[in-house]
Amino acid sequence: MNRNWVDKEEWCPADGFRLEAEAMDTVVNDKNTLVVAGPGAGKTELLAQRACFLLETNTCRYPKKILAISFKKDAADNLRERVELRCGKELSLRFESKTYDAFAKEIVDRFKNSLDESYRPLNNYKIAETKDIKRAFEIAGLNFGENQTEFNRVGNILSANILPLSTDCIAEIFICTWNILLKGSRNDNFESSLTFEMISRLAEYLIRTNRYIKKAIEMTYSHVFLDEFQDTTSIQYDLVKTCFFQTGTIITAVGDSKQRIMLWAGARKSIFSDFQNDFLSQKRTLMMNHRSAPRLVEIQKAMYNSLNEDIIDLKTNEKWNQEDGEAYLRLFEDYIKEADVLSEEIDSLISTGIKINEICIIVKQMVDVYSQEIIDKLAQHNIKARNEAVYQDLLKEDVIKILVSLFRLASKDGMPDDWDYIYDILCELDGIDESCNPQIIKDFIRKVELMINDTKKKLNITYEEQFSDLVDYTIKYISYEKFASKFQQYKSRDYFDNLVEQFKRLVWIEYDETKDWIKAIDNFEGKNSIPIMTIHKSKGLEYDTIFFVGLEDSAFWNFKNQPDEDRCTFFVALSRAKRRIDFTFSSNRPTQFSSIQKHDCINEFYELFKDTGIVKKIEY
DNA sequence: GGTGCGTTCCTTTTT
DNA sequence: GGAACGCACC
């Protein structure tokens with residue numbers, strides 16, 4: 001490799017970023033590290049800068065690589081893009097950013113022939129859905145009927161143990177079910193189907209029992225990043241530990257115990273201390289909150305005590321004045337009045353120049369119940385607001401990203417980002433790279449341009465069916481088979497077709513309303529609407545102003561059972577806001593629970609507001 | 001048709 | 001946690 005590496009002492013953060021001392025030390029040091037970083041501390045940026053340091057100084061020695069593992073696909077994509085932006089395409093080829101499930105599945109798919117026959121899945125195994133697991137249990141002789149709770153309980157046991165399974169640690173029925181899922185059952189017309197948990201267990205087993213594979217992984221990755229570490233499950237931790245325990249690979253784990261809101265979904269409670277003990281890691285605490293205004297940070301700090309967290313002297317970004325930050329608690333008699341007031345507040349925010357997608361409405365649960373009236377009232381002010389969940393899921397899909405970019409290219413000239421993206425992805429799908437004959441590349445570009453031009457000509461549309469045909473034409477041009485071979489998940493034609501159908505339907509709604517393709521695509525992407533989502537979906541995001549609707553007992557129905565986790569959940573909502581946050585309570589709300597609301601159980605949040613003296617209480 | 005009992009719903013990601 | 005629903009029973 002012909003390249004001048006940067007001297008370690010001379011390296012400085014890319015793009016003029018200034019890092020606080022603890023962050024800078026984390027970026028350049030060579031020890032296993034647990035980074036405790038609160039909201040807005042710049043976790044992604046820290047990891048991106050560390051990747052740049054390791055690659056640019058050749059500390060991650062060529063041709064070794066960095067492995068970054070996240071939970072969600074968009075988080076993994078985001079980090080990869082950030083690193084590419086900071087240190088360029090060439091170096092970032094040695095930065096692999098992927099999800100736990102992708103990492104595990106790649107190992108299983110690549111090495112499954114090394115598994116013992118008894119644990120080797122069939123070549124054409126599929127990803128098991130809930131009904132497949134139920135069916136497998138049935139074939140093994142256990143029937144749940146409609147009892148969901150019992151199924152959840154039993155289903156969790158299925159992958160609770162490391163392989164190989166024996167009757168010493170697990171009942172016979174589970175071993176039998178594993179076998180049915182691994183091998184399918186011809187008599188029962190049941191295909192080989194694996195859950196992601198099973199795939200992780202298989203990957204871990206492969207690495208633990210095959211020293212060549214273990215060595216290969218160890219040799220490939222000199223450095224590993226673990227994102228959102230507080231949410232790591234035991235299955236995921238077992239995999240990481242088997243790969244890198246007592247090896248030369250250096251791990252940087254980044255997380256925040258104050259944002260631990262996935263315990264109910266199986267996150268491992270002792271993960272921070274386990275990691276520190278197993279990997280003899282040092283611990284670093286970041287002191288910056290770049291996101292929130294000083295007065296909002298004061299409220300966040302006031303929660304540290306109830307979150308069992310040491311008070312630290314948090315620093316805010318210098319772009320803020322000390323008196324910046326607003327917080328309101330609005331108490332209503334009924335939800336109609338609440339919707340009136342909120343829509344007027346939002347209207348006046350927008351008229352002061354706050355961008356519409358810098359405002360977010362957050363609820364604890366059941367987006368539609370808590371937000372329908374507000375959506376209707378906002379519509380009367382000509383402001384769009386929408387349940388973001390379905391769009392979040394769609395927009396992270398590669399086929400949707402491709403369609404969005406293609407239609408934007410067809411509707412408007414001079415969209416270089418879209419062109420770069422489409423060119424890269426279509427090259428990949430067509431197996432074209434720089435090593436190809438220049439004429440082939442030239443022809444390829446010409447062909448793509450022709451297709452886009454062709455689409456452009458066909459955009460003059462009156463009926464939904466014409467749009468549907470046009471989308472089909474685009475998919476056909478690329479070819480479904482190419483999608484399916486590049487993206488595993490599209491091997492299920494139903495899944496793929498369903499995504500395309502949703503794209504057609506939702507984009508058409510927008511076009512029908514605006515008669516403008518650019519606006520329709522922008523609207524589809526959410527550039528002109530207020531997103532509404534649950535706290536869990538909002539994790540990792542930030543907005544100028546947050547409206548938290550429904551600070552009520554029935555939204556926190558599980559508070560008595562899991563007060564610590566719900567405090568964290570509240571903290572996550574609170575810490576999404578950059579400049580302003582409004583909480584609302586309504587005595588009257590049409591939920592499936594009680595229609596008369598109280599806040600007795602979560603009074604500590606109301607006390608907290610009072611104690612800080614920052615939150616302005618308004619009764620209507 | 002009243003009663004009592006049990007169940008359901010409510011926060012999630014991943015190829 | 002707590003309303004709402006289905007069901008068996010008298």
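Every chain is numbered from 1 and lettered A, B, ... according to where its sequence line falls, protein lines coming before strand lines.
- Along DNA chain B, the nucleotide nearest to A:Gln488 and the one nearest to A:Lys364 differ in position, and the one closer to the 5' end is contacted by A:Lys364.
- Ion pair A:Arg576/A:Glu542 not flagged as a salt bridge, since none of the NZ, NE, NH1 or NH2 atoms sits closer than 4.0 Å to an Asp/Glu carboxylate oxygen.
- Ion pairing between A:Arg330 and A:Asp582 holds under the 4.0 Å rule for side-chain N and carboxylate O.
- Between A:Met366 atom CE and B:dT11 atom P there is a gap of 6 Å when expressed in whole angstrom units.
- The distance from atom CH2 of A:Trp264 to atom C1' of B:dC9 is 13 Å, rounded to the nearest whole Å.
- Whole-Å rounding puts the A:Met262 CE to B:dT11 C1' distance at 8 Å.
- Distances shorter than 4.0 Å separate none of the side-chain N or O atoms of A:Thr591 from OP1 or OP2 on C:dA3.
- The distance between atom CG of A:Leu394 and atom P of B:dT13, rounded to the nearest whole Å, is 13 Å.
- Remark: ring of A:Phe196 does not overlap the six-membered base ring of B:dT15 in a stacked fashion, as centroids less than 5.5 Å apart with planes less than 30° apart are not both met.
- Here B:dT13 is the nucleotide among B:dT15, B:dT11, B:dT13 with the atom lying nearest to any side-chain atom of A:Lys72.
- Residues A:Phe71 and A:Glu565 both approach DNA chain B. Their nearest nucleotides, taken by heavy-atom distance, put A:Glu565 toward the 5′ side.
- Between A:Thr99 and the phosphate of B:dT13, there is no side-chain N or O to OP1/OP2 separation shorter than 4.0 Å.
- Looking at the side chain of A:Lys560, the nearest of the listed nucleotides C:dG1, B:dT11, B:dT15 is C:dG1.
- Separating the CG atom of A:Asp368 from the P atom of B:dT11 is a distance of 10 Å, rounded to the nearest angstrom.
- Counting to the nearest Å, the P atom of B:dT11 and the CZ atom of A:Arg260 are 23 Å from each other.
- Taking the six-membered ring for Trp and the full ring otherwise, the centers of A:Phe332 and A:Phe585 sit at least 6.0 Å from each other.
- Between A:Phe524 and A:Phe503, the ring centre distance stays below 6.0 Å.
- With rounding to whole Å, A:Lys98 atom NZ is found 12 Å from B:dT15 atom C1'.
- Within the 4.0 Å cut-off from OP1 or OP2 of B:dT15, not a single side-chain nitrogen or oxygen of A:Lys486 is found.
- For A:Glu106 and B:dT14, the CD to P distance is 15 Å, given to the nearest whole Å.
- Across all strands, A:Lys491 comes closer than 4.0 Å to no nucleic acid atom at all (heavy-atom distances).
- Close to B:dT13, at under 4.0 Å from its OP1 or OP2, lies a side-chain N or O of A:Lys537.
- The neighbour count for A:Asn561 CG, taken as heavy atoms of other residues, nucleotides or ligands under 6.0 Å away, is above 12.
- Taking only side-chain nitrogens and oxygens, A:Lys73 never comes nearer than 4.0 Å to OP1 or OP2 of B:dT14.
- In this structure, A:Lys598 reaches neither bases nor backbone, as no heavy-atom distance under 4.0 Å exists between it and the strands shown.
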